[in-house]
Participant: 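Sharing a structure below in structure tokens format, with a few things to ask.
Numbers restart at 1 for each chain; the letters A, B, ... are given by sequence-line order, proteins then strands. Side-chain atoms are counted along with the backbone in the values below, which use heavy atoms only and exclude waters and symmetry mates.
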There are 2 protein chains.
Amino acid sequence: MSNCRTINLDRHARIFKALSNPHRLEIFTILTGCCEPGTLCSTDKMLSCCVGDLDSQLSIASSTLSHHLKELNHAGLIEMQREGKQIFCSINPSTLAEVTALFSTRR
Amino acid sequence: MSNCRTINLDRHARIFKALSNPHRLEIFTILTGCCEPGTLCSTDKMLSCCVGDLDSQLSIASSTLSHHLKELNHAGLIEMQREGKQIFCSINPSTLAEVTALFSTRR
DNA sequence: TCTACAATTCGACATGTTTCGAATTGTAAT
DNA sequence: ATTACAATTCGAAACATGTCGAATTGTAGA
């Protein structure tokens, strides 16, 4: 029988928790380059930007931003890599695909 | 111009917060009748059940369950209606569609 | 090596969340 | 009315989260 429900429950809950804070959701939204549901806008915008770029858009302390980025990263939603003095953030496409699939199977 | 990002941010964050708790996510999963991502399983299962039905599957105090149901309800994810002594819960299809759309527009 | 810039870690505080048991409300049957 | 069942509300305790400023680490250039 085995409960197929409980297997990914904690993992998925962690992903949703990462998206449950308005600032983190905004970061996620900036990085996906997406605006309104139903629209594919800003297709030509950058899909990766450094921590400072995000900092200038968010009106929170940079230490707070750091904290949020770590949460998104630990949830597997974003990737971060250093380039010189800066650290660039981008969406982790496989996690995004996973969450998308999660919803597309529900009615 | 105008920031199209911030409009639904708080609302969507509230929805994700509702899904960020393993127990609430399990309730949501039970009510969608869905199991694993990528599969459309248990198509013939009930998509609505009463609070007691959920209670028997969750090993938490019924007062805690009540609390979680209220959160899901306030986030717009589920609907609840009394039938005699029982209260039946079901997925709110429009919110589910909204969240699904949210992800299907991101790359 | 000094300096400046980019970003993180640390400590502290206020606030919010999860959980329970006990008491309460609402509904229906005896 | 009384009883029994279904579910919620309440109050309290333990725990987690969001936020900041100050101090720290890491990187590159003068």
Participant: Within the 4.0 Å limit for protein heavy atoms, which parts of nucleotides 25-30 of chain C are touched? Write it as a string from 5' to 3', B for base, S for sugar-phosphate only, - for none.
Facilitator: -SBS--

Participant: Please report, rounded to the nearest Å, how far the P atom of dG18(D) is from the CD atom of E26(A).
Facilitator: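 In whole Å, dG18(D) P and E26(A) CD are 15 Å from each other.
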
Participant: Looking at L31(B) and C49(B), what are the two nearest heavy atoms and their distance?
Facilitator: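 Closest heavy-atom pair between L31(B) and C49(B): CD2-SG, 3.9 Å.
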
Participant: How close do A13(A) and L25(B) get, heavy atom to heavy atom, and via which atoms?
Facilitator: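 Scanning both residues, the minimum pair turns out to be N-CD2, 3.5 Å.
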
Participant: Does the protein touch nucleotides 16-24 of chain C at the base, only the backbone, or not at all? Give it as B, S and - per nucleotide, heavy atoms under 4.0 Å.
Facilitator: -SSBBBB--

Participant: Taking CG from D53(B) and C1' from dA6(D), how many angstroms apart are they, rounded to a whole number?
Facilitator: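 Computing the D53(B):CG to dA6(D):C1' distance gives 12 Å.
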
Participant: Just how far, in rounded Å, is C1' of dT19(D) from CD1 of I27(A)?
Facilitator: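 Atom CD1 in I27(A) sits about 14 Å away from atom C1' in dT19(D).
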
Participant: Take atom CD of Q86(A) and atom P of dC5(C), then tell me their distance rounded to the nearest Å.
Facilitator: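 These atoms are roughly 13 Å apart.
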
Participant: Does the side chain of N92(B) come within less than 4.5 Å of L96(B)'s, by heavy atoms?
Facilitator: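 No, side chains not in contact.
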
Participant: Could you check how far CG of L65(A) sits from P of dG18(D), rounded to whole Å?
Facilitator: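 Result: 13 Å.
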
Participant: Answer yes or no: is there a donor N or O on one side and an acceptor on the other, between the side chain of S66(A) and the main chain of S63(A), under 3.5 Å?
Facilitator: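 Side chain of S66(A) to backbone of S63(A), a donor-acceptor pair under 3.5 Å: no, none is there.
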
Participant: So which atom in L65(A) and which in V51(A) form the shortest heavy-atom distance, rounded to 0.1 Å?
Facilitator: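 That closest heavy-atom pairing would be CD2-O, 3.5 Å.
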
Participant: If you take all heavy atoms of A75(A) and T95(A), which pair is closest and at what distance?
Facilitator: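 So the minimum-distance heavy-atom pair works out to O-CG2, 4.3 Å.
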
Participant: From CG of D55(B) over to P of dA7(D), roughly how many Å is that when rounded to an integer?
Facilitator: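 The distance from CG of D55(B) to P of dA7(D) comes to 8 Å, rounded to the nearest Å.
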
Participant: According to the salt bridge (charged side-chain N to carboxylate O under 4.0 Å, His left out) rule, which pairs have a member within residues 69-82 of chain B, sequence neighbours left out?
Facilitator: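 Non-adjacent pairs meeting salt bridge (charged side-chain N to carboxylate O under 4.0 Å, His left out): R24(B)-E71(B).
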
Participant: If every non-hydrogen atom of I78(B) is compared with every non-hydrogen atom of N73(B), which pair is closest and at what distance?
Facilitator: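 I78(B) and N73(B) have their closest heavy atoms at O-ND2, 2.9 Å.
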
Participant: So, do F16(A) and F103(A) have ring centers that fall under 6.0 Å from each other?
Facilitator: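 They qualify: ring centres under 6.0 Å apart.
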
Participant: Could you tell me the separation between the CG atom of L54(A) and the P atom of dT8(C), rounded to a whole number of Å?
Facilitator: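 After rounding, the gap between these two atoms is 10 Å.
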
Participant: K70(B) NZ to dA6(D) C1': how many Å, rounded?
Facilitator: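 After rounding, the gap between these two atoms is 16 Å.
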
